[in-house]
Protein chains: 2
Amino acid sequence: MATILPISGTVSSRIKTGGNRLLGALSPNDAALISPYLEPVSFTVGDYITRAGAPIENLCFFEQGIAGVLDSLDNDRRYAVGLLGAEGFVGWPLLMGDDRSPYDVTMRAEAGRALRIPAEKLIAAVEQSATLRTTLLRFAHIFMLQMGRTIVSSLAHSIERRMARWILLYHDRVQADEICMTHEEFRLMLGVRRSSVTDALHRLEEEQAIRAVRAKVLVVDRAKLIALAGDTYGYPEQEYARLLA
Amino acid sequence: MATILPISGTVSSRIKTGGNRLLGALSPNDAALISPYLEPVSFTVGDYITRAGAPIENLCFFEQGIAGVLDSLDNDRRYAVGLLGAEGFVGWPLLMGDDRSPYDVTMRAEAGRALRIPAEKLIAAVEQSATLRTTLLRFAHIFMLQMGRTIVSSLAHSIERRMARWILLYHDRVQADEICMTHEEFRLMLGVRRSSVTDALHRLEEEQAIRAVRAKVLVVDRAKLIALAGDTYGYPEQEYARLLA
DNA sequence: CATGCTTGGAACGGTTCCGTACAGAAACGT
DNA sequence: ACGTTTCTGTACGGAACCGTTCCAAGCATG
């Protein structure tokens, strides 16, 4: 348990491209519209990409790392409503007629890289290209699907199964089978007490689906996690492939 | 308990307009772009407005009634991911680059009236008017906010408090303090067993927040319901007012 | 090495909620 | 009027999960 061995794991539908998948899906013309304004930025774990209520001044297309979209309650307790990585971008409310971010968005799990573009440049670009706008809105739509599945899983499934789902969502967005996350991190997504996270992790470990070491989760059997997550995993990912291939 | 007395109730931020609020918020020019194609339709409780997976052929702007947006799991258990009425429309995925509906949408609580427009007509209209597109996307955005709060409330709150929230969402969308819904209906939104609904209703009744009669809930003390719902009620409604006033 | 911080493991009783089952009450059809 | 269906109330044991507390292990810092 002390040393971290390289675990094989089933590397199936993982995101492999180095850069941002959404930008990669753009036509050359659309890419040309925004690429002059894209500027690389990097974040460390815990950094805020946007703050709830703040004006959206930039949009960030991630190349690496995981961004957690958090909603807060009573100004203290916070919960994740969704997750995104190199398959998407942060700031979509701007394309939907809102100039302020409704959510806190922070870096999770690992350091992140992104390409940043000023809000007004992106607005100008989507006004010139309908296909660009559609591509970006498609991501927002798929994020919405993810939220829907989050609702369903929180209503229908046990902590263990919901945890399996979140591990998969993380796994899809990191390059390795090793995911850095503490029990406290899981609390954001599951909304349970920390010891319940411990218990659920142990159960997943007993089933040989993962191995947990300090501040890390190693994905051992991805298929088993998918089975546990059931219908709450897969549909948004499948729709992403259909609409943004 | 047998007879339904007229209950005063606090009629605060209710939706009063007869027609669709979103259409009402359009500029004369934008309204002119689509009104030639709007056709009145009506639904009874249980009718499907769209089916999951089916192509979006029409969009529906509701004038009366409540539409429940349902996600299904394992082909049998279904759960509500959101609710809308005369403040919105059904079919927004079309504006976000998806030609199929990801959800079942069905009529809840009471019979509904809507103005229906063929998909291609609406697409043509939003291509002519950026402000029309923005207005419609703003509704989709606010629906997303509602979904976010649904996630948070399901993670943080007891059945009783979550029920208070859903009653408010229904109350906002009907013209009266009397809401037709069976315990089974609540199950869609809370994801609990039917008897838990009974218990939670009794608790809300003890607190004089509502009165429950067969297949109906009477809102007695709206302020009390708002207090129970806490931060999970109000924010999307407030953003609607800000962005679509 | 000494110290302090973060993270994880384990335990306690208590509460909420579940699954199931059954029965009464109200509406409905004929 | 009568049976049927729908809706609601209630009760039982049991499972899941909570809040709390305490302690141990890993890690960083000086």
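Throughout, protein chains are lettered first and strands after them, A, B, ... in sequence-line order, and every chain is numbered starting at 1.
- In this model, the phosphate group of C:dG8 is not approached by any side-chain N or O of A:His202 to a distance below 4.0 Å at OP1 or OP2.
- The distance from atom CD of A:Glu206 to atom C1' of C:dG9 is 14 Å, rounded to the nearest whole Å.
- Checked against side-chain contact (heavy atoms from CB on, under 4.5 Å), A:Glu39 has the following partners two or more places apart in sequence or in another chain: A:Arg116.
- Counting to the nearest Å, the C1' atom of D:dC17 and the NE2 atom of A:His157 are 17 Å from each other.
- One can place CD of B:Glu185 at 11 Å from P of D:dT8, the figure rounded to the nearest angstrom.
- For B:His183, no side-chain nitrogen or oxygen approaches OP1 or OP2 of D:dT6 to under 4.0 Å.
- Applying the side-chain contact (heavy atoms from CB on, under 4.5 Å) criterion to B:Ala209, with sequence neighbours excluded, gives B:Lys224, B:Leu225.
- Between B:Arg108 and B:Leu188, the closest side-chain pair of non-hydrogen atoms falls below 4.5 Å.
- Across all strands, A:Leu201 comes closer than 4.0 Å to no nucleic acid atom at all (heavy-atom distances).
- Under a 4.0 Å N-O distance rule, the pair B:Asp177/B:Arg211 does not qualify as a salt bridge.
- Residue B:Arg162 contributes atom CZ, which lies 8 Å from atom P of C:dC17 at whole-angstrom precision.
- With hydrogens and angles left out, the side-chain atoms of A:Thr44 and A:Asp47 include a donor and acceptor closer than 3.5 Å.
- In this structure, A:Ser196 reaches the D:dC18 phosphate: one of its side-chain N or O atoms is under 4.0 Å from OP1 or OP2.
- A search for ring-ring contact (aromatic ring centres under 6.0 Å, His included) contacts involving A:Tyr235 returns nothing, not counting sequence neighbours.
- Listed by chain and number, the residues in a side-chain contact (heavy atoms from CB on, under 4.5 Å) with A:Arg51 are A:Tyr48, A:Ala54, A:Asp104 (sequence neighbours excluded).
- Applying the side-chain contact (heavy atoms from CB on, under 4.5 Å) rule to B:Arg214 yields no partners; only residues at least two apart in sequence or on another chain are considered.
- Residues forming a side chain to side chain donor-acceptor pair (under 3.5 Å) with B:Thr232 (at least two apart in sequence, or on another chain): none.
- Rounded to whole Å, atom C1' of D:dC17 lies 14 Å from atom CZ of A:Arg187.
- The distance between atom CD1 of A:Ile159 and atom P of D:dC18, rounded to the nearest whole Å, is 5 Å.
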Considering only nitrogen or oxygen atoms on both sides, find all protein atoms under 3.5 Å from nucleotides 23-25 of chain D and state each distance.
none

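- With axes fitted over five pairs at each extremity, the angle between the ends of the helix from C:dC1-D:dG30 to C:dT30-D:dA1 is 40° (10° resolution).
- Sorted by first and then second residue, the pairs that involve residues 187-198 of chain B and meet salt bridge (charged side-chain N to carboxylate O under 4.0 Å, His left out), not counting sequence neighbours, are B:Glu184-B:Arg187.
- Shown here are the ring-ring contact (aromatic ring centres under 6.0 Å, His included) partners of B:Phe61, two or more places apart in sequence or in another chain: B:Phe89.
- In this entry the distance linking CG of A:Asp199 with C1' of D:dA15 reads 14 Å, nearest Å.
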Can you tabulate the close N/O pairs, meaning under 3.5 Å, that link protein atoms to atoms of nucleotides 19-22 of chain D?
| residue | atom | partner | partner atom | Å |
| --- | --- | --- | --- | --- |
| D:dG19 | N7 | A:Arg193 | NE | 2.7 |
| D:dG19 | O6 | A:Arg193 | NH2 | 3.0 |
| D:dT20 | O4 | A:Ser195 | OG | 3.2 |

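- Per the geometry, CZ belonging to A:Arg161 stands 18 Å off P belonging to D:dA15, to the nearest Å.
- Here A:Tyr79 pairs with nothing under the ring-ring contact (aromatic ring centres under 6.0 Å, His included) rule; sequence neighbours left out.
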